[in-house]
Amino acid sequence: MKKAKAAEKLQKLREAALDDLMSLSDDELRQEMLEDGEDIQAVAQRMRAAAEDGLATARRRRLDVARAKIRAGASNRILPASRPPAARLKELVMGALMGRPDLKLAFREGKKQTEEDLQSLYDDLIALGAIEPEDSGN
Amino acid sequence: MAESDLATPEEVAEAVRQLTELDYVRLNAAAKIVMGGTDFNTPEDLVKEVLTKTFLSANGEGGRRWKRNVPFMAFLHMTFKGMCSDQRKSVTKKKTALVADLAGDSDGEPFDLIGQSLPAIDDELIEASDLEQRNDRAGALLAKINDFFKDDDQVQMIIMGAEDDLAAAEIRAISGMSQKEYDTAKKRLRRGLKKVSPKGTGS
C-alpha cells in the first residue's frame with residue numbers, strides 16, 4: 001500500500017508540473033530552453049518527424065482497412081467474363097483514378113503496377129461501380 | 001457529442017501541419033513529464049502513438065476524438081496524460097489481479113495456475129515483480145525529489161499539497177504564499193523535476 005502510494009504521489013506531481021508547463025508563454029518556454037542549453041530546433045525536428053511518422057502510420061492503416069472493405073465488397077460481385085486489352089485496361093483504370101482522389105488514396109501503392117495489379121484494380125473498380133466493364137473487344 | 005463538432009482526419013493532419021517549433025518543444029517537455037512508468041521510451045514514441053490514434057479516432061475507429069472547439073495543443077496534452085495514465089492503470093490492474101490469484105484470493109488454488117501454462121505464468125511473475133520494482137522506483141524518485149527541494153519550503157508545500165489533493169488556493173492559504181510566489185514555486189518544482197530526472201519523471 002505504501003509503495004502504491006508513492007506512484008500516486010508521483011502522478012500528482014506530474015500533473016502539477018504539466019499544468020505549469022501549459023501555463024508558460026512561448027517566450028518563457030524559449031528562454032528556459034536556452035537557459036538549459038537545449039537545442040530548440042533539434043528537439044522540434046525530432047518531434048515533428050515523429051508526428052509525421054504517426055500520421056503516415058495512421059494513413060497506412062486507413063488504407064489497409066479501406067482496401068480490405070473494397071476487396072470484401074468486390075468478392076460479392078459478379079466480375080466481367082473478359083477484360084479489354086492491356087493498354088485499354090490501363091487507360092480505363094487511370095481514367096477512373098484521375099477524378100477520384102478517394103480511390104487514388106485506396107489504390108496508390110507508390111510502386112509500378114504490374115499487369116496483374118492493373119487487372120485486379122480494373123476488377124475492383126468495376127465492383128465499385130467506378131467504371132463500366134468492357135469486353136476483350138474480340 | 002455531435003458528429004459535426006468532431007474534427008475529421010484531414011483536420012487533424014492540418015492541425016499537425018500548423019504546429020510550430022515551440023509547440024513541438026512544449027510537447028517534448030510534456031511527454032517527458034507524463035510518460036514515466038509507461039512503455040513509452042522517448043517523447044517521440046508517445047507523440048507518434050498519440051497522433052496515430054488521434055487520426056484514426058477521427059476516422060471513426062474509436063478512442064479519444066478531437067473536438068474542434070478545443071485548442072489542438074490542449075487536446076494533445078490531455079491525450080498524452082490520459083494515454084499514459086491508462087497504460088499505467090492497465091498494467092497495474094493486470095498485475096493486481098495476478099498477484100491476488102497467486103496469493104490464493106481466487107477460488108482456484110494458486111498452484112493450479114502454475115500447472116496450466118508455465119511460460120505465461122513465468123512472464124506474468126516477471127511482470128508482477130516489475131510492478132513492485134516500478135513502485136520501488138517511484139518511492140526512490142520521490143525521495144530524490146524531496147531531497148532536491150529540502151531547502152525550498154515553498155516547493156515542499158506544493159509537493160505536500162499535491163500529495164494530499166489540496167487545491168492551489170488551499171495550499172496558498174496554508175503556506176501564506178501569494179499567487180505570484182505560488183506560480184514561481186510551481187515553476188521551480190517543474191524545473192527541479194527535470195533536473196532530478198532529466199529523461200522524464202519515470203517510476
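Every chain is numbered from 1, with letters handed out A, B, ... down the list of sequences.
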Undergrad: As an exercise: rank A/Glu28, A/Glu15, A/Arg30 by heavy-atom pairs under 4.5 Å with chain B and give me the winner.
TA: A/Arg30

Undergrad: Heavy-atom distances under 4.5 Å only: say whether B/Val16 touches chain A with side chain, backbone, both or neither.
TA: side chain

Undergrad: Against chain A, label B/Asp183 side chain, backbone, both or neither, depending on which of its atoms sit under 4.5 Å from a heavy atom there.
TA: backbone

Undergrad: Using only atom types and a distance under 3.5 Å, with no angle test, would you say the side chain of B/Ser85 pairs donor to acceptor with the backbone of B/Lys81?
TA: no

Undergrad: Please identify, among A/Thr57, A/Asp53, A/Val65, the residue contributing the most non-hydrogen atom pairs under 4.5 Å to chain B.
TA: A/Asp53

Undergrad: Against chain A, label B/Asn28 side chain, backbone, both or neither, depending on which of its atoms sit under 4.5 Å from a heavy atom there.
TA: both

Undergrad: In terms of heavy-atom pairs under 4.5 Å, which option from B/Val25, B/Asn59, B/Asp165, B/Ile158 contacts chain A the most?
TA: B/Val25

Undergrad: With a cut-off of 6.0 Å (strictly less than), are more than 12 heavy atoms of other residues, nucleotides or ligands near CD of A/Glu132?
TA: no

Undergrad: Is there a donor-acceptor contact under 3.5 Å linking the side chains of A/Gln45 and A/Arg48?
TA: no

Undergrad: Below 4.5 Å from any heavy atom of chain A, which atoms of B/Leu19 appear? Answer side chain, backbone, both or neither.
TA: backbone

Undergrad: B/Phe80 vs B/His77 aromatic rings, parallel, tilted or perpendicular, using cut-offs 30° and 60°?
TA: perpendicular

Undergrad: Is the closest basic N to carboxylate O distance between B/Asp164 and A/Lys12 below 4.0 Å?
TA: no

Undergrad: Return the option, out of A/Met22, A/Glu52, A/Glu38, A/Glu32, with the maximum number of heavy-atom pairs under 4.5 Å with chain B.
TA: A/Glu32

Undergrad: We want to know whether A/Asp39 and A/Gln41 form a side-chain donor-acceptor pair, criterion being a heavy-atom distance below 3.5 angstrom.
TA: no

Undergrad: Who wins among B/Leu189, B/Thr54, B/Ile159 for the most heavy-atom pairs under 4.5 Å with chain A?
TA: B/Ile159

Undergrad: Is a donor on one side and an acceptor on the other found under 3.5 Å between the side chain of B/Arg64 and the backbone of B/Thr79?
TA: no

Undergrad: Need one label for B/Lys187: side chain, backbone, both or neither, based on atoms under 4.5 Å from any heavy atom in chain A.
TA: both

Undergrad: So, the side chain of B/Arg26 versus the backbone of A/Leu21: is there a donor-acceptor pair under 3.5 Å, distance only?
TA: yes

Undergrad: Looking at B/Leu22, B/Thr42, B/Val12, which makes the most heavy-atom pairs under 4.5 Å with chain A?
TA: B/Leu22

